[in-house]
K.L.:
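Structure below; questions to follow.
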Amino acid sequence: MPATTAESRLHYVLQHFWQAYDAVPTVSIGYADTQPQVEVVAVEHNFFAGTAPYPAPPLWREWQGRQLPFFFDAQPARPLLVLLPEGRARVQADVVSAAFYLLSGWQEFYSDERDQHGRFPYAASVQQRYGFVAVPVVNYYFEVLRAAVEHAGGQPLRPRRWADGRAWAAFITHDIDNLYSAWKAPAKAALQRRDWLGFARRYWQHFTQKDAWDNLAEVQQTVAEYGAKSTFFFLPEHRKAPNGTTNADYQVKQILPVIATLKQHGAEVALHGSLGTSLDPDRLYDEVVSFDSAGWGLRFHYLHWEPRVTPDLVDNLTNGYDSTLGFAEHYGFRNSYCLPFNLFNFQLGEAADFLEIPLNVMDATLHHPKYLQLAPEEILPALTPMFQEIERFGGVCTVLWHNENFDPANTRNGPREFRALMEYLRSRNVAFVNGSDICRSFQPSLSS
Ligand SMILES: [Zn+2]
């Protein structure tokens with residue numbers, strides 16, 4: 001595996017920095033050896049030559065009124081930013097190493113921790129350990145660089161803008177796992193109560209009425225009420241995984257007319273990779289080709305993602321986008337960044353080609369026996385600080401709300417709670433975009 005060099009890490013971080021401000025590089029940024037206008041002070045550490053998942057604990061500094069963790073910061077007594085004469089500046093914490101560490105996904109690549117579904121657990125993350133999951137720390141590091149660059153270049157750097165000049169964007173998505181299973185839980189509960197009549201009624205309804213989760217037109221209609229459009233991720237695998245975990249309860253080829261209608265009404269349709277495809281390039285390829293969608297997007301079922309395999313596998317297959325990377329256990333920023341970005345391909349030692357649109361909040365995270373147990377009225381107040389961070393940095397807020405949770409019977413993380421989020425987003429003048437819009441706005445500048 002190619003080791004990273006200080007140069008490759010700097011290049012990776014600066015690529016994202018300039019992209020965050022939609023700016024062409026006008027000021028040189030680097031370590032002292034290249035005598036740049038903005039010097040980032042190198043801290044003696046050999047961290048990236050090794051394979052340890054975690055660096056030394058961060059030091060906390062105040063920046064723009066916020067306490068922020070700085071990894072690779074040796075001398076907290078020194079001011080963070082020194083503005084020098086003749087268009088020079090010095091950043092006295094190694095924000096390039098710190099940004100590389102978080103953005104690249106280093107911790108999950110080198111950690112051996114995985115949960116029962118094979119995922120890197122939130123509990124093993126530095127975000128959990130130091131309590132900054134809902135703070136896009138890398139965006140704050142970039143603000144330090146921005147202040148230095150503005151001083152050095154004598155010009156303001158402005159955050160990028162979205163459609164109609166809006167300051168930030170929202171990417172509303174639905175993973176379609178189930179269409180026909182709403183009746184099962186209540187029928188089972190009736191059986192357990194020995195409520196035979198209740199069971200019989202559910203069973204009869206199942207055969208004679210539309211299932212409450214067979215609701216994709218209603219989902220689209222609900223989203224449209226907010227002037228928004230959304231993206232539907234369909235799961236082309238009907239069979240269970242070898243360990244018994246379920247994939248779709250429907251067969252894609254039987255619902256092609258439904259999908260066509262969604263598309264006609266402006267929906268984006270993308271691939272929900274079934275269990276195992278995040279580890280198996282042939283199976284993922286089969287699902288991609290079986291599923292014709294122009295310029296494609298991807299999210300893996302169960303948010304399954306093996307950091308040592310999946311990035312390279314997706315990188316080989318597409319320059320489209322993925323939107324798997326959030327923590328199932330907690331809303332926030334898994335890579336501490338609120339803009340779409342390119343993961344680091346550790347096999348190649350450079351940025352991956354596909355765009356990662358990080359997932360910020362999933363419906364199940366908010367109320368689930370193993371995740372959070374927020375009351376309905378607690379949801380929006382809990383999420384608002386995260387939304388404010390995304391708005392501040394002109395980022396993308398990615399929301400996953402399963403079609404199952406548009407069932408009015410769900411009064412915990414159901415349609416009412418979804419509507420409350422949409423009301424908020426609309427009230428903050430967000431641009432509702434889909435994955436293709438985001439790719440169009442982000443990928444061209446990266447390929448240059
Ligand atoms: Zn799924």
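Position 1 is the first residue of the sequence; numbering continues from there. Hydrogens, waters and symmetry mates are skipped; everything else that's a heavy atom, side chains included, is used.
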K.L.:
Mind checking the OG-CG spacing from S274 to L284? Nearest 0.5 Å is all I need.
P.N.:
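Nearest 0.5 Å value for the OG-CG distance: 8.5 Å.
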K.L.:
Kindly say whether R239 contributes a backbone atom to a donor-acceptor pair with the side chain of N247 at under 3.5 angstrom?
P.N.:
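Looks like yes, one N/O pair under 3.5 Å.
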K.L.:
Of the non-hydrogen atoms in D282 and D280, which two are nearest, and what is the gap between them?
P.N.:
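Nearest pair, atom of D282 first, then D280: N-OD1, 3.1 Å.
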K.L.:
Do L383 and V361 touch side chain to side chain, with heavy atoms closer than 4.5 Å?
P.N.:
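SC-SC contact between L383 and V361 confirmed.
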K.L.:
Would you say the side chain of L103 lies within less than 4.5 Å of the side chain of H16, judging by non-hydrogen atoms?
P.N.:
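A side-chain contact under 4.5 Å exists here.
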K.L.:
Within the distance-only criterion (no hydrogens, no angle test), does the side chain of D315 pair as donor or acceptor with the backbone N or O of D353 below 3.5 angstrom?
P.N.:
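Yes; judged by distance alone, with no hydrogens or angles, the pair exists.
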K.L.:
Verify side-chain contact (heavy atoms from CB on, under 4.5 Å) between S230 and Q220, making sure each step is shown before the conclusion.
P.N.:
CA-CA 7 Å; S230 56; Q220 186 167 42; 5.7 Å; no
K.L.:
Under 3.5 Å, side chain of H304 to main-chain N/O of H117, donor-acceptor pair present?
P.N.:
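Confirmed, H304 side chain pairs with H117 backbone.
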K.L.:
Would you say the side chain of Y285 lies within less than 4.5 Å of the side chain of L317, judging by non-hydrogen atoms?
P.N.:
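They are in contact (side-chain heavy atoms under 4.5 Å apart), so the answer is yes.
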K.L.:
Are H174 and F406 close enough that their ring centers fall under 6.0 Å?
P.N.:
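Yes - the distance between ring centres of H174 and F406 falls below the 6.0 Å cut-off.
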K.L.:
Does the pair R61/D73 count as a salt bridge with the N-to-O cut at 4.0 Å?
P.N.:
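So R61 pairs with D73 through a salt bridge.
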K.L.:
How far apart are the closest heavy atoms of F233 and G297, and which atoms are they?
P.N.:
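That would be CE2-C, 4.2 Å.
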K.L.:
Within the side chain of E329, is there an N or O that forms a donor-acceptor pair under 3.5 Å with the backbone of P121?
P.N.:
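No: the side chain of E329 does not pair with the backbone of P121.
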K.L.:
Taking everything shown except R419 itself, do over 12 heavy atoms lie less than 6.0 Å from its CZ?
P.N.:
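Yes, the 6.0 Å shell around CZ holds more than 12 heavy atoms from other groups.
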K.L.:
Are more than 12 heavy atoms, taken from residues, nucleotides or ligands other than R308, located less than 6.0 Å from that residue's CZ atom?
P.N.:
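Atom CZ in R308 is crowded, with more than 12 foreign heavy atoms closer than 6.0 Å.
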K.L.:
So how far is it from N410 CG to D363 CG, rounded to the nearest 0.5 Å?
P.N.:
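Nearest 0.5 Å value for the CG-CG distance: 8.0 Å.
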K.L.:
Testing D322, N345, N342 one by one against F354 for a side chain to side chain contact (heavy atoms under 4.5 Å, CB included), which residue passes?
P.N.:
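For F354, the side chain to side chain contact (heavy atoms under 4.5 Å, CB included) check succeeds only for D322.
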K.L.:
Would you name the heavy atoms of F333 and A134 that are closest together and state the gap between them?
P.N.:
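Closest pair (atom of F333, atom of A134, distance): CE1-O, 3.3 Å.
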K.L.:
Are there more than 12 heavy atoms of other residues, nucleotides or ligands under 6.0 Å from atom CH2 of W204?
P.N.:
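Counting neighbours around CH2 of W204, 12 or fewer heavy atoms of other residues, nucleotides or ligands fall under 6.0 Å, so no.
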K.L.:
When you measure from the side chain of T231 to the backbone of N434, do you find a donor-acceptor pair of N or O atoms at a distance under 3.5 Å?
P.N.:
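Answer holds: no.
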K.L.:
Between R119 and E306, does the salt bridge (charged side-chain N to carboxylate O under 4.0 Å, His left out) criterion hold? Intermediate values first, please.
P.N.:
CA-CA 7 Å; R119 306 176 298 196; E306 171 42 58; over 6 Å; no
K.L.:
Any idea how F100 and F346 line up, ring-wise: parallel (<30°), tilted (30 to 60°), or perpendicular (>60°)?
P.N.:
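Rings of F100 and F346: perpendicular, as their planes differ by over 60°.
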K.L.:
Can N429 and E391 be said to form a side-chain contact (heavy atoms from CB on, under 4.5 Å), step by step?
P.N.:
CA-CA 10 Å; N429 206 23; E391 181 176 351; over 6 Å; no
K.L.:
When Y101 is tested against each of F48, Y337, F47, Y12 for ring-ring contact (aromatic ring centres under 6.0 Å, His included), which residue passes?
P.N.:
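The residue from F48, Y337, F47, Y12 that satisfies ring-ring contact (aromatic ring centres under 6.0 Å, His included) with Y101 turns out to be F47.
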K.L.:
Taking side chain as C-beta onward, heavy atoms only, is Q128 less than 4.5 Å from V133?
P.N.:
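Result no, sub-4.5 Å side-chain heavy-atom pair not found.
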K.L.:
Under the side-chain contact (heavy atoms from CB on, under 4.5 Å) criterion, do R299 and T398 qualify, and how do the steps go?
P.N.:
CA-CA 12 Å; R299 176 182 291 134; T398 305; 3.8 Å; yes
K.L.:
Between D115 and G118 (side chain of the first, backbone of the second, donor and acceptor by atom type, cut-off under 3.5 Å), is there such a pair?
P.N.:
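Side chain of D115 to backbone of G118, a donor-acceptor pair under 3.5 Å: yes, one is there.
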K.L.:
So, are K210 and E218 salt-bridged, with charged N and O less than 4.0 Å apart?
P.N.:
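Result for this pair is yes, salt bridge flagged.
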K.L.:
Determine the minimum heavy-atom distance between D437 and R440, stating which atoms define it.
P.N.:
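Where D437 meets R440 most closely, the heavy atoms are OD1-NH2, 2.7 Å.
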K.L.:
Is there a donor-acceptor pair closer than 3.5 Å between any side-chain N or O of Y130 and the backbone N or O of S125?
P.N.:
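Such a contact is absent between Y130 side chain and S125 backbone.
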K.L.:
Using 4.0 Å as the upper bound for N to carboxylate O, is an ion pair formed by D286 and R283?
P.N.:
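Judged by the 4.0 Å cut-off on N to carboxylate O distance, R283 and D286 do not form a salt bridge.
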K.L.:
Using ring pair (Phe, Tyr, Trp, His ring centres under 6.0 Å), reason through H330 and Y122 one step at a time and then give a plain yes or no.
P.N.:
CA-CA 7 Å; H330 208 289; Y122 171 58; 5.2 Å; yes
K.L.:
Any chance CZ of R428 has more than 12 other-residue heavy atoms, nucleotides or ligands included, within less than 6.0 Å?
P.N.:
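Result for CZ/R428: open.
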K.L.:
R66 vs E62, test: salt bridge (charged side-chain N to carboxylate O under 4.0 Å, His left out). Steps then yes/no.
P.N.:
CA-CA 5 Å; R66 244 192 177 300; E62 190 180 311; over 6 Å; no
K.L.:
Out of curiosity, I255 CD1 to K253 NZ, how far, rounded to the nearest 0.5 Å?
P.N.:
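It is 11.5 Å, given to the nearest 0.5 Å.
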K.L.:
Are more than 12 heavy atoms, taken from residues, nucleotides or ligands other than H11, located less than 6.0 Å from that residue's NE2 atom?
P.N.:
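No - once you tally the heavy atoms of other residues, nucleotides and ligands closer than 6.0 Å, there are 12 at most.
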K.L.:
Just checking R412: does its CZ atom have more than 12 heavy atoms from other residues, nucleotides or ligands closer to it than 6.0 angstrom?
P.N.:
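For R412, atom CZ is not crowded (no more than 12 foreign heavy atoms under 6.0 Å).
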K.L.:
Relative to Y54, does R129 satisfy both conditions: NZ or CZ under 6.0 angstrom from the six-membered ring centre, and within 45 degrees of the ring's axis?
P.N.:
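Yes; both conditions hold, so R129 lies above the ring face of Y54.
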K.L.:
Between H367 and N413, is there a donor-acceptor pair closer than 3.5 Å when you use the side chain of the first and the backbone of the second?
P.N.:
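No, the answer is negative, given that no donor and acceptor are paired below the 3.5 Å cut-off.
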K.L.:
Do F442 and Y321 come within less than 4.5 Å of each other through their side chains, counting heavy atoms only?
P.N.:
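A side-chain contact is absent here, since even the closest heavy-atom pair is not under 4.5 Å.
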K.L.:
Could you walk me through whether R334 and E108 satisfy the side-chain contact (heavy atoms from CB on, under 4.5 Å) test, starting with their C-alpha distance in whole Å, then the side-chain angles of each, then the deciding distance to 0.1 Å, before giving a yes or no?
P.N.:
CA-CA 10 Å; R334 178 154 159 175; E108 40 190 293; 2.6 Å; yes
K.L.:
Mind listing the closest non-hydrogen atom pair of E417 and P376 along with its distance?
P.N.:
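Closest approach of E417 to P376: OE2-CB, 3.3 Å.
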K.L.:
Under 3.5 Å, is there a donor-acceptor pair between the side chain of T310 and the main chain of S278?
P.N.:
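Answer holds: yes.
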K.L.:
So, the side chain of H402 versus the backbone of E404: is there a donor-acceptor pair under 3.5 Å, distance only?
P.N.:
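No, H402 side chain to E404 backbone: no donor-acceptor pair under 3.5 Å.
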K.L.:
To check you understand the geometry: which heavy-atom pair defines the closest contact between Y424 and L380, and what is its length?
P.N.:
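Here Y424 and L380 meet closest at CB-CD1, 3.9 Å.
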K.L.:
Pick from F132, F393, F70, W63: which one makes a ring-ring contact (aromatic ring centres under 6.0 Å, His included) with Y140?
P.N.:
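The ring-ring contact (aromatic ring centres under 6.0 Å, His included) with Y140 is passed solely by F393 among F132, F393, F70, W63.
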